[in-house]
Peer 1: 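One structure follows; several queries about it will come next.
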Amino acid sequence: MPELPEVENARRYLMEIGLAGRTFTMANIGWSKSVRYPDLEDFVLGLPGRIVEAINRRGKYLLLGLNTGETLVLHLGMTGGIRVHPKTQPAPSMVRHTLELDDGRELRFIDPRKFGHLWLVDDLQKAVPEMGLEPLDRGFGPELLARALAGRGAPIKALLLEQSVIAGLGNLYADEALYLARIHPERRGSSLTPEEVAGLKDGIVRALTVALAQYDRSRQAGWPDPPLGLATWTIPRKAGEPCVRCGTPMESIRIRARGTYFCPGCQML
DNA sequence: AGTACGTCCTGATCGC
DNA sequence: TGCGATCAGGACGTAC
């Protein structure tokens, strides 16, 4: 599922295929509920003629800065992916929307489960809710993470999934980070020691960095059409499979209705 | 405010 | 072998 590494991979892909400087000429929306702002008519009428000037990311949101000062915001949801292909090239399955460009190509928004969303906003706050720490920023340190977790009694796994606490983690990398830090997912956020918070910060950064490096290699190897997703975590996501670190069978529980995998041998309560 | 849960979706997988 | 039931989860609305 698209989490920070997948969205950042999409951002780098859009940079590398030369989206910057291109003008949108038409928006074809195949599932109207995907457009969150403005209404469908204004979105479709508003996009043509706009030039992409910047390609940024905040958490799991892709931010395409336009020459009008507006931003085209894309969220890939659970199953979303982005491709830029010549219009004449056969489309992959499950393309829900296409945004045509002035150079004969089109941006294809793939989204089998239709959980992805698009916004065209003059003010970013209309699309992007309050975001927490950006884990790949230089300033991301154990003190900030500790402050974000202070006074929180929810399970640490649930807190890692809250975008207002830390931006960009999803179910898979949250499990991966806790595994690397050897922290049980049901530990209360406020119960972590400073040492554990520091370890968790390292686990988060490591999980994301390793995944991103793998995506960078895949883009080079697969140019111009690299794979959309890679399995970049080390936890066996199947109960009973041996932990790669200590051999203990992995355990599966549910936290906030999310499948959560951890090793009861090296992630103690 | 903090916490928890149902809802939206459909391809993949499971079980009889 | 086939087909219906179940599972998967990011973000948001709602409830306590």
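All values below were derived from every heavy atom in this structure, side-chain atoms included, with hydrogens, water molecules and symmetry-related copies excluded. Each chain gets a letter, A, B and so on, in the order the sequences are listed, and its residues count up from 1.
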Peer 1: Looking at A/Leu101, A/Asp102, A/Leu107, which hits side-chain contact (heavy atoms from CB on, under 4.5 Å) with A/Arg105?
Peer 2: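 Of A/Leu101, A/Asp102, A/Leu107, side-chain contact (heavy atoms from CB on, under 4.5 Å) with A/Arg105 is met by A/Leu101 alone.
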Peer 1: Look at A/Lys114 together with A/Asp111 and state whether they make a salt bridge at an N to O cut-off of under 4.0 Å.
Peer 2: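 Salt bridge absent between A/Lys114 and A/Asp111.
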Peer 1: Return the value, rounded to whole Å, for the distance between atom CG of A/Leu159 and atom P of C/dG10.
Peer 2: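 Interatomic distance, CG of A/Leu159 to P of C/dG10: 15 Å.
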Peer 1: Does anything in residues 25-80 of chain A pair up under ring pair (Phe, Tyr, Trp, His ring centres under 6.0 Å), and if so which pairs, sequence neighbours excluded?
Peer 2: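 Non-adjacent pairs meeting ring pair (Phe, Tyr, Trp, His ring centres under 6.0 Å): A/Tyr61-A/His75, A/Tyr61-A/Trp119.
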Peer 1: Assuming nearest nucleotide by heavy-atom distance, tell me which of A/Arg152 and A/Arg258 is located more 5' along DNA chain B.
Peer 2: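 The residue whose closest nucleotide sits nearer the 5' end is A/Arg152.
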Peer 1: Please report, rounded to the nearest Å, how far the C1' atom of B/dT13 is from the CZ atom of A/Arg237.
Peer 2: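 The distance from CZ of A/Arg237 to C1' of B/dT13 comes to 16 Å, rounded to the nearest Å.
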Peer 1: Strictly below 4.0 Å, N to O, side chains only: are A/Glu143 and A/Arg147 in salt-bridge contact?
Peer 2: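 Result for this pair is no, no salt bridge flagged.
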Peer 1: In whole angstrom, give the distance that lies between atom CG of A/Leu161 and atom P of B/dC5.
Peer 2: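 One finds 14 Å between P of B/dC5 and CG of A/Leu161, rounded.
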Peer 1: Under the rule for side chain to side chain donor-acceptor pair (under 3.5 Å), what residues qualify as partners of A/Ser218, not counting sequence neighbours?
Peer 2: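 Expected list: none.
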Peer 1: Tell me the bend of the helix from B/dG2-C/dC16 to B/dC16-C/dG2 as the angle between end helix axes, each from five pairs, rounded to the nearest 10 degrees.
Peer 2: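 The end axes of the helix from B/dG2-C/dC16 to B/dC16-C/dG2 are about 50° apart, to the nearest 10°.
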Peer 1: Strictly distance-based, threshold 3.5 Å: is any side-chain N or O of A/Arg11 a donor or acceptor partner for the main-chain N or O of A/Ile55?
Peer 2: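 Yes; judged by distance alone, with no hydrogens or angles, the pair exists.
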Peer 1: For A/Asp175, which residues count as a side chain to side chain donor-acceptor pair (under 3.5 Å) partner, sequence neighbours excluded?
Peer 2: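 Checked A/Asp175 against side chain to side chain donor-acceptor pair (under 3.5 Å); matches are A/Lys157, A/Arg237.
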Peer 1: Would you tabulate the nitrogen or oxygen pairs shorter than 3.5 Å linking the protein to nucleotides 14-16 of chain C?
Peer 2:
none

Peer 1: Return the value, rounded to whole Å, for the distance between atom CD1 of A/Ile253 and atom P of C/dA8.
Peer 2: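 One finds 13 Å between P of C/dA8 and CD1 of A/Ile253, rounded.
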Peer 1: Calculate the interatomic distance between A/His117 atom NE2 and B/dC8 atom P; express it in whole Å.
Peer 2: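 Spelled out: NE2 on A/His117 to P on B/dC8 is 13 Å.
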Peer 1: Figure out the CH2/C1' separation between A/Trp119 and C/dA11, and round it to whole Å.
Peer 2: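 Interatomic distance, CH2 of A/Trp119 to C1' of C/dA11: 9 Å.
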Peer 1: Taking only N/O atoms, report every protein-nucleotides 9-12 of chain B pair under 3.5 Å with atom names and distance.
Peer 2:
unit_1, atom_1, unit_2, atom_2, d
B/dC9, OP1, A/Lys33, NZ, 2.5
B/dC9, OP2, A/Lys33, NZ, 3.3
B/dT10, OP1, A/Lys114, NZ, 2.4

Peer 1: Where the side chain of A/Gln163 is defined as all heavy atoms beyond and including C-beta, which of C/dC12, B/dT3, C/dA11 is the nearest nucleotide?
Peer 2: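 For A/Gln163, the side-chain atoms sit closest to C/dA11.
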Peer 1: Quickly work out the A/Leu4 CG to C/dG10 P distance and round it to whole Å.
Peer 2: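 The answer, rounded to whole Å, is 13 Å.
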Peer 1: If you define the side chain from C-beta out and look only at heavy atoms, does anything of A/Leu66 sit under 4.5 Å from A/Ile51?
Peer 2: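 Contact flag for A/Leu66/A/Ile51 side chains = no.
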Peer 1: Does a nitrogen or oxygen in the side chain of A/Arg254 sit under 4.0 Å from OP1 or OP2 of C/dA8?
Peer 2: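 A/Arg254 to C/dA8 OP1/OP2: side-chain N or O found under 4.0 Å.
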Peer 1: For A/Phe109, run the side-chain contact (heavy atoms from CB on, under 4.5 Å) check against A/Leu99, A/Val95, A/Thr98, A/Leu74 and tell me which one passes.
Peer 2: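 Of A/Leu99, A/Val95, A/Thr98, A/Leu74, side-chain contact (heavy atoms from CB on, under 4.5 Å) with A/Phe109 is met by A/Leu74 alone.
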Peer 1: Could you check if a side-chain atom of A/Glu8 sits within less than 4.5 angstrom of a side-chain atom of A/Pro2, using non-hydrogen atoms only?
Peer 2: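 In short, these two side chains do not touch, never coming nearer than 4.5 Å.
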Peer 1: Identify whether any heavy atom of A/His75 sits under 4.0 Å from a base atom; if not, whether one sits that close to sugar-phosphate; answer base, sugar-phosphate or nothing.
Peer 2: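 Here A/His75 touches the backbone only, sparing every base.
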Peer 1: Round to the nearest Å and state the distance from A/Ile255 atom CD1 to C/dG9 atom C1'.
Peer 2: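 Rounded to whole Å, this separation is 14 Å.
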Peer 1: Keeping the roles fixed (side chain from A/Glu100, backbone from A/Met26), state whether a donor-acceptor pair exists under 3.5 Å.
Peer 2: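 It does not hold such a pair.
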Peer 1: Looking at side-chain heavy atoms only, is the closest gap between A/His97 and A/Ser34 below 4.5 Å?
Peer 2: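 Answer yes - side chains close enough.
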